[in-house]
Amino acid sequence: MTQSAVDRLHPIVVHHVVNTLGWPDLRPLQQEAIAPLMDGSDSVLLAPTAGGKTEAACFPLLSRMARENWTGTSILYVCPLKALLNNLLPRLETYASWLGRTAAIWHGDVPQARRKRILRERPDVLLTTPESLEAMLVSVNVDHTAFFSGLRAIVVDEVHAFAGDDRGWHLLAVLERLERVAGRPVQRVGLSATVGNPEQLLTWLQGARGGSREHGARVVAPHLRTQASADRDPSVPSIPDVPPPGNVQLDYVGSLANAAIVIAALHRGEKRLVFCESRKQVEELGEALRAKGVVTFLSHASLSVDERRRAEEAFAEARDCVIVSTSTLELGIDVGDLDRVIQIDAPGTVASFLQRLGRTGRRSGSVRHCLFLALDEAGLLSAAALLLLWSRGWVEPVVAPPEPRHIVAQQVLALCLQEHRVGDRLWQEWWGGFGPFGPSAEPLVRHLIAEGYLDRDGGLMFIGPEAERRFGYRHFMDLTAVFTAAPEFTVLSGRTEIGTTDPALLTEKVAGPRRLLLAGRSWQVTYIDWSRRRCFVEPVDGGGKARWGGAGLSRTASYALTRAAREVLLGETPPVGLTRRANSALDQVREEGAELVHPDATVLLRGGRDTNVRWWTWAGYKANATLAATLSSVADPLQRPTDTYVRLRENLTLQEWTQAKADGAEQLCLPAVDSRALNGLKFSAALPPRLAEATLAARLADLGGAAAAIREPVRFTGHV
């Protein structure tokens, strides 16, 4: 093993790396991470999937633990998924045991007896989720001051998965409170796949001390192109020198049934992981593959924990088989050596594709394989656009959702549960003035007091009757979860839980027996317990239906992806293997879309598909929603924004359009918000209505994309 940085690791760790793991050397990421982590620096470690990030973080931190004699629970290892924690535990237990230390896991599925043992015999390393950390802080059964008194470092795995949504704000707020409980700054280490803005991700992870480089905080990413910091514009994403090596192909199959035929016929004898973009697709494809004699397993969020675990374990041990999954298997859960990833249509981001591609080619000497199967022309165009961006080494920047006022309200309530009483002038100190938890949060706290969520007496705040009424169920358990789960019914066959289903499937009118499709099998409903939200079933041969409703904001294409689709229509082709069917279908798509694109301008078209005037911006959903609000004087008031166009009034005149566009370029407007959409924003009930709507409006907008589109030249087609 090469020396230098490795010399700083504890000798016992080095011994076991060589003799127990049998590694001749550490990977570049693992070597470069040693110095900053041993020095106590906040860091983000970037590497492709299976790049050794866990070891890059743990070997230096365990070495510090031994050298500096850390006591108690000194390292937290935080993950976004319980399944990922379960998968990691054996490895971390092994690494900790080398030094005579212990590791344990704590999340919602851990039995009460095991939790009590953890509280009695504090492990050196605790694997958990942000929601479980919150629950520990507010629990009357946990002495959080004693338990977290030895905290020194926090590892946040899949940090990009947190940073892009409200769980990230929740995590940062909880970390600030933990530092105050521990009474010291706590080193923060984020592990991530490739992202477009690693320096900003590091600043975000640092929270209240964001941007501080006093202790050498740094991004460790040997696989990225390096640039001298003095020459680098931090707003420009860091990108790989070249796309990751691999064999990527794009095919057009026309339907999910045809996709099943292709998957069943090709690559027999291989282990294949198929990604779908909905639970319904997973179920329907799984059933179709089983009908063709393919050994098939399923994984998605509405299957029971036991059902998913059985499927994942069986898949890991099998050889000639397929597992069909939503994004639940996108993150680093180990399902063994994969030969091939198959993607139905396209994921929503390049980053997601990189995660999925990284599940293959892990064996030494193997190559990464991914086959895209487009079900329709829209799926083909989306896949081609994504692969075009990927081929250029482009990856989305991870951006935290703006204006998380609802998370601020949740955190203030959680703090009052944690401390019982909090000074009405001192609460901000718990977050060190961090971003949204600073002075800008004062109106929110006044609202919580005025509406009875908080009571105040003698300069102290405490939980009020309205918080008890709305969030007090099961000791305020609902207050520790950031997302609102859609109401679903538990499906049971005898005493075995199969998963959950949308209640709409149990209430819609059907002719004959009511049948469900779940876990890739059909079930006939025998009894529905409406009060306990349970549905009892028995297996049948076929005829089942799958359905789940969405919650919160739907995923829609970004400005970059939609612009890439425009490039594809204009003739750009991603440098991947395209089948004859894909080439032929792509030619057809370009022919049909020829009047909707122009190389030097956006297109304003009257007629075509209907009598409306459409402005084909190719700017993405959020930018188009922003443009529709900005151009309210000329936009169709009944329109629903799309990724590709904004619908304008039928009687629009050229003069009206010219004036509205000029005015809009000077002042963009946030999209209007349907009050019903606030149901997807958890804790919005604790906000003043106008601030709840302002939060959602900011999240529906893309001001940059809208500004770019409205300033472009416009080509008129048809009579305007």
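Positions are given from 1, in the same order as the sequence printed here. All of these numbers come straight from a predicted model, not from anything done at the bench.
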Inset, instruction - Return the minimal non-hydrogen interatomic distance between Ser43 and Leu205, and the atom names on each side. - result: O-CD2, 3.9 Å
Inset, instruction - Can you see which heavy atom on Pro436 is nearest to which on Ala441, and at what distance? - result: O-CB, 3.4 Å
Inset, instruction - Could you walk me through whether Asp42 and Arg209 pass the salt bridge (charged side-chain N to carboxylate O under 4.0 Å, His left out) test, one step at a time? - result: CA-CA 10 Å; Asp42 296 331; Arg209 59 178 179 266; 2.8 Å; yes
Inset, instruction - Only counting residues at least two apart or in another chain, list the ones meeting ring-ring contact (aromatic ring centres under 6.0 Å, His included) with His300. - result: Trp548
Legend entry - side chain to side chain contact (heavy atoms under 4.5 Å, CB included) between Val422 and Leu460, intermediate numbers included: CA-CA 5 Å; Val422 178; Leu460 296 174; over 6 Å; no
Legend entry - Minimum side-chain heavy-atom gap Thr73-Leu76 below 4.5 Å: yes
Legend entry - Main-chain N/O of Pro90 paired to Thr94 side chain as donor or acceptor, under 3.5 Å: yes
Inset, instruction - Could you tell me which non-hydrogen atom of Val398 sits nearest to which non-hydrogen atom of Gly164, and how far apart they are? - result: CG1-N, 3.8 Å
Inset, instruction - Determine, step by step, whether Glu312 and Ser299 satisfy the side chain to side chain donor-acceptor pair (under 3.5 Å) criterion, reporting the C-alpha distance in whole Å, the side-chain angles of both residues, the deciding distance to 0.1 Å, and the verdict. - result: CA-CA 8 Å; Glu312 289 157 11; Ser299 178; 3.1 Å; yes
Inset, instruction - Go through Asp25 and Gln31 one step at a time and tell me if the side chain to side chain donor-acceptor pair (under 3.5 Å) criterion holds. - result: CA-CA 9 Å; Asp25 206 345; Gln31 294 189 37; 3.3 Å; yes
Inset, instruction - With the side chain counted from C-beta on, respond yes when Val219 and Leu201 share a heavy-atom pair under 4.5 Å apart, and no when they do not. - result: no
Legend entry - Asn19 side chain to His15 backbone, donor-acceptor under 3.5 Å: yes
Inset, instruction - Look up atom CG in Leu84 and atom OG1 in Thr328, then write down how far apart they are to the nearest 0.5 Å. - result: 11.5 Å
Legend entry - His369 and Val341, any side-chain heavy atoms less than 4.5 Å apart: no
Return a table of donor-acceptor pairs under 3.5 angstrom between the side chains of residues 146-155 and protein atoms on other chains or two or more places apart.
from, atom 1, to, atom 2, distance (Å)
Ser149, OG, Ala146, O, 2.8

Inset, instruction - Mind checking side chain to side chain contact (heavy atoms under 4.5 Å, CB included) for Glu121 and listing every partner two or more places apart, or none if nothing turns up? - result: Arg117
Inset, instruction - Might you point out which heavy atoms bring Val220 and Pro222 nearest each other, and give the distance in Å? - result: C-CD, 3.9 Å
Inset, instruction - Indicate yes or no: at least one non-hydrogen side-chain atom of Ile463 is less than 4.5 angstrom from one of Leu417. - result: yes
Legend entry - Ile407 side, atom CD1; Leu172 side, atom CG - distance, nearest 0.5 Å: 11.0 Å
Legend entry - Residues forming a side chain to side chain contact (heavy atoms under 4.5 Å, CB included) with Ser352, sequence neighbours excluded: Glu330, Pro347, Thr349, Arg356
Legend entry - Rounded distance (nearest 0.5 Å) linking atom CZ of Arg309 with atom CG of Leu303: 13.0 Å
Inset, instruction - Kindly indicate whether the side chain of Leu444, heavy atoms from C-beta on, has any atom under 4.5 Å from the side chain of Val412. - result: no
Inset, instruction - Identify the residue among His107, Arg167, Lys82 that makes a side-chain hydrogen bond (donor to acceptor under 3.5 Å, both in side chains) with Glu131. - result: Arg167
Inset, instruction - Examine the side chains of Gln411 and His406 and answer whether a donor and an acceptor come within less than 3.5 Å of each other. - result: no
Legend entry - Lys/Arg N to Asp/Glu carboxylate O, Asp39 vs Arg8, below 4.0 Å: yes
Inset, instruction - Could you tell me which non-hydrogen atom of Ser192 sits nearest to which non-hydrogen atom of His160, and how far apart they are? - result: OG-ND1, 2.9 Å
Legend entry - Non-neighbouring partners of Arg310 that pass salt bridge (Lys or Arg N to Asp or Glu O under 4.0 Å), sequence neighbours left out: Glu307
Inset, instruction - Check whether any side-chain heavy atom of Val44 sits under 4.5 Å from a side-chain heavy atom of Glu199, and report yes or no. - result: no
Legend entry - Val6 side chain near Val14 side chain, heavy-atom distance below 4.5 Å: yes
Legend entry - Reported CG-to-CG distance for the pair Leu88 and Asp157, which is rounded to 0.5 angstrom: 6.0 Å
Inset, instruction - Taking all non-hydrogen atoms of both residues into account, name the closest pair between Val350 and Trp394 and its distance. - result: CG1-O, 3.2 Å
For residues 51-64, run the donor-acceptor check on the side chains, cut-off 3.5 Å, and write out each pair with its distance to 0.1 Å, sequence neighbours left out.
from, atom 1, to, atom 2, distance (Å)
Lys53, NZ, Ala47, O, 3.1
Lys53, NZ, Pro48, O, 3.3
Thr54, OG1, Tyr77, OH, 3.0
Glu55, OE1, Arg91, NH2, 3.2
Glu55, OE2, Arg91, NE, 3.4
Glu55, OE2, Arg91, NH2, 2.7
Glu55, OE2, Tyr95, OH, 2.6
Ser63, OG, His10, N, 2.9
Ser63, OG, Phe59, O, 2.8
Arg64, NE, Glu68, OE2, 3.1
Arg64, NH1, Gln187, OE1, 2.6
Arg64, NH2, Glu68, OE1, 3.3

Legend entry - Asp339/Arg272 salt bridge by N-O under 4.0 Å criterion: no
What side-chain donor-acceptor pairs closer than 3.5 Å can you find for residues 424-435, not counting sequence neighbours?
from, atom 1, to, atom 2, distance (Å)
Trp427, NE1, Asp424, O, 3.4
Gln428, NE2, Glu442, OE2, 3.0
Trp431, NE1, Ala173, O, 3.3

Inset, instruction - Just do the side chain to side chain contact (heavy atoms under 4.5 Å, CB included) check on Arg177 and Glu134 with the steps written out, would you? - result: CA-CA 10 Å; Arg177 286 160 54 200; Glu134 179 84 272; 2.7 Å; yes
Legend entry - Test side chain to side chain contact (heavy atoms under 4.5 Å, CB included) applied to Ser97 - qualifying residues, sequence neighbours left out: none
Legend entry - By ring-ring contact (aromatic ring centres under 6.0 Å, His included) - contacts of His144 (at least two apart): none
Inset, instruction - May I ask you to say whether Asp165 pairs ionically with Arg699, meaning some side-chain N is under 4.0 Å from a carboxylate O? - result: no
Legend entry - Glu93 and Thr102, any side-chain heavy atoms less than 4.5 Å apart: no
Legend entry - Residues in ring-ring contact (aromatic ring centres under 6.0 Å, His included) contact with Phe353, at least two apart in sequence or another chain: Phe372, Trp390
Inset, instruction - State whether the side chain of Gln418 and the backbone N or O of Leu137 hold a donor-acceptor pair below 3.5 Å, judged by distance alone. - result: no
Inset, instruction - Quick one: list whatever passes salt bridge (Lys or Arg N to Asp or Glu O under 4.0 Å) with Asp143, sequence neighbours left out. - result: none
Legend entry - Separation of Cys79 SG from Leu127 CG (nearest 0.5 Å): 6.5 Å
Inset, instruction - Starting at CD1 of Ile75, measure out to CZ of Arg101 and round the result to the nearest 0.5 Å. - result: 8.5 Å
Legend entry - Counterpart residues, side chain to side chain contact (heavy atoms under 4.5 Å, CB included), relative to Arg115 (two or more places apart): Trp106, Val110, Gln112
